[in-house]
Amino acid sequence: MSKFVGYRCSVCGRSYGPDEVVYTCPQDGGNLDVMLDYEAIAARWSPAAISQSRDTSIWRYLPLLPVEDPGHMGSPLRAVGWTPLFRPTRLAAGLGLQDLWLKDDGRNPTASFKDRASAVAVARAQEIEAEVVITASTGNAGAALAGMAAAAGVPAVILAPKSAPQAKVAQLLIFGARVVLVDGTYDDAFDLTLQAAEALGWYCRNTGYNPFTAEGKKTAAYEICEQLTAALQESPDAGWVVPDAVFVSVGDGNIISGLHKGFKDLKALGWIEKVPRLFGVQSTGSAAIYNAFAAGTEQIEPVSADTMADSISVDLPRDGLRALRAATQTGGAYVAVPDEEILQAMRALGREAAVFAEPAGATAYAGLVVAVRDGLVAPEERIVVLNTGNGLKDVKAAMQAAGEATVIPPDLAALREILG
Ligand SMILES: *Cc1c(COP(=O)(O)O)cnc(C)c1O
Ligand SMILES: [Zn+2]
C-alpha cells in the first residue's frame with residue numbers, strides 16, 4: 001500500500017508514519033491529514049484511466065484512497081457514492097444562475113453523505129482487525145456506520161443523543177448495531193465515545209477525530225469533477241473539469257474538510273487546474289465556524305446549538321480549524337441561515353428540483369440563495385450545491401416545511417370544492 005505514506009498534523013505540521021498514530025496528533029490533538037504519494041499515483045493513473053472504470057461507487061477511486069479494496073464487486077459497500085449530479089434548470093433560473101449543478105447524496109445506501117466516510121472507516125477497521133467500531137452521531141454518521149458495518153460483518157456500537165429523529169434511530173436498530181441513546185447532547189455523546197473506545201480498546205470512527213472519515217468524504221470532490229467532465233462531454237484526457245464554487249452545509253466541519261482534501265489531491269496530481277472556492281453553510285442556531293470566519297479569527301468558540309437541522313447541530317465543531325481553512329484558503333466564505341430559510345430551501349429543492357432533502361441537507365441550498373443575494377457568486381459561475389441527507393430521515397421536519405394534506409370524504413363534490 002505504498003501510496004499511503006502517513007499523516008500530517010493540521011495544527012503543528014508534524015508528520016507521522018502510517019503506523020505511528022491512530023487518531024489525532026499526540027503533541028496537540030490536532031486533526032491529521034492523510035498523506036499520499038502523489039508521484040507514485042500519477043505515474044500509474046490518470047483521469048482518463050479512472051473514467052474507464054465500470055465501478056459505480058467510491059471504490060472507482062481506490063488508487064487515491066489510503067485503504068485496500070474492502071470487498072468483492074457484489075458487496076453492499078460497493079453501493080456507496082457515485083450519486084447523481086443534476087442540472088436543476090428551474091432553480092437556476094429562479095436564482096439568475098447560468099451554470100448550477102446539484103449533487104444528491106441523499107441517494108447513498110443509508111441515505112446520507114456519511115456513507116462515504118463510514119465505508120472507508122470500516123475498510124480501515126478491517127485492515128487493522130478492529131473487534132468493534134464505535135461512533136458518536138447525531139444520527140446519520142451512526143446509521144452509515146451501522147449499515148457499512150453490517151455490510152462487512154463488523155460489530156458496531158452507536159451513541160446518539162436521545163433527541164435524534166426516530167427514522168435515524170430506526171436505521172441504527174435495523175442494521176443490528178448496539179444503539180445507546182444518551183440523555184444529553186451530541187457533544188456529550190462524542191466525549192463519552194472517546195472514553196469508551198479508550199477503555200474498551202475499540203476502534204473509534206468519530207467525525208473530526210478519525211483521519212479516515214475525511215478520506216471517504218473527499219470522494220465527492222472527485223465525483224463532482226469526473227461527472228461534470230462527462231456531463232459536459234469533455235475529454236478526460238486533458239484532466240477533469242472543476243467547478244468555480246461548491247456549497248455544502250457544515251456542522252463538525254468534516255465534510256467540507258474532506259471536499260477540500262479531495263480537490264487538493266486532484267490539484268496536486270495535476271488532474272484539475274484549480275481548487276474551487278468552498279462555501280460552508282451553517283444554521284444561525286449552530287454557527288461556531290461562521291462566527292470565527294466573520295470575526296476573521298481561527299479561534300473557534302463553542303456555541304449552545306439550537307437548530308431544527310439536527311445533523312449540523314453542534315456546540316463545538318470537531319473539525320473546525322480545517323473547515324474554516326477550507327473556505328479561507330480557497331477564497332470561499334461561510335454563510336449562516338436561519339431555520340425558516342432552511343424550511344424554504346426544503347420546499348424549493350422538492351418543488352423545483354425533485355430532490356427531497358432533510359433540513360441539514362437543504363441548508364447548503366439556503367446558503368447559496370444568501371450568497372447570490374449578497375453577490376458572493378457571479379451569475380456565470382459554475383456552481384455545485386450538495387444535498388447531504390435524504391428528507392425521509394426526518395418526516396416531522398418535512399411536514400413542517402410542506403404543510404399537512406387535506407382530508408375529505410370520498411366524493412367528487414368535496415374534491416371539486418377542495419381543488420377550487
Ligand atoms: C453530518 C452532516 C452534515 C455536516 O457534516 P459535518 O462533517 O458535521 O460538517 C451535513 N448534512 C448532513 C445531512 C449530515 O448528516
Ligand atoms: Zn500537531
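Numbering of residues begins at 1 and proceeds along the displayed sequence. We count ligands from 1, going down the list as the structure has it; atoms in each ligand are counted the same way. These figures come from a predicted structure and were not determined experimentally.
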Residues in contact with ligand 1, criterion: heavy atom under 4.0 Å
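Protein residues near ligand 1 are Lys114, Asn140, Lys217, Ser249, Val250, Gly251, Asp252, Gly253, Asn254, Ile255, Ser311, Ile312, Glu358, Ala360, Thr388, Gly389.
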Would you sort out whether Asp115 and Thr110 count as a side chain to side chain donor-acceptor pair (under 3.5 Å), showing the intermediate values?
CA-CA 7 Å; Asp115 283 333; Thr110 79; 2.7 Å; yes
Ignoring waters, how many N, O or S atoms from the protein are under 2.8 Å from the Zn ion (ligand 2)?
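Protein N, O or S neighbours of the Zn ion (ligand 2) under 2.8 Å, waters not counted, come to 5.
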Whether Lys3 and Asp37 form a salt bridge (side-chain N of Lys/Arg under 4.0 Å from carboxylate O of Asp/Glu) is what I want to check.
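No salt bridge links Asp37 with Lys3.
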Any Lys/Arg nitrogen of Glu273 or Lys267 sitting under 4.0 Å from an Asp/Glu carboxylate oxygen of the other?
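No, this pair does not count.
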How about CD on Gln299, more than 12 heavy atoms from neighbouring residues, nucleotides or ligands closer than 6.0 Å, or not?
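Counting neighbours around CD of Gln299, 12 or fewer heavy atoms of other residues, nucleotides or ligands fall under 6.0 Å, so no.
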Just wondering, more than 12 heavy atoms not from Arg178 lying within 6.0 Å of its CZ?
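It does not: Arg178 CZ has 12 such atoms or fewer within range.
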Partners passing side-chain hydrogen bond (donor to acceptor under 3.5 Å, both in side chains) against Asp191 (at least two apart in sequence or in another chain):
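Partners of Asp191 by the side-chain hydrogen bond (donor to acceptor under 3.5 Å, both in side chains) criterion, ordered by chain and then number, come out as Arg318.
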Can you list everything that forms a salt bridge (Lys or Arg N to Asp or Glu O under 4.0 Å) with Arg90? Sequence neighbours excluded, please.
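By the salt bridge (Lys or Arg N to Asp or Glu O under 4.0 Å) rule, Arg90 matches no residue at all.
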Do we get Arg116 above Phe113's six-membered ring, with its NZ or CZ under 6.0 Å from the centre and within 45° of the axis?
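Because its charged atom sits under 6.0 Å from the ring centre and within 45° of the axis, Arg116 does stack over Phe113.
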With no hydrogens and no angle check, do the side chains of Asn210 and Tyr203 hold a donor and an acceptor under 3.5 Å apart?
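Asn210 vs Tyr203: donor-acceptor pair found between side chains.
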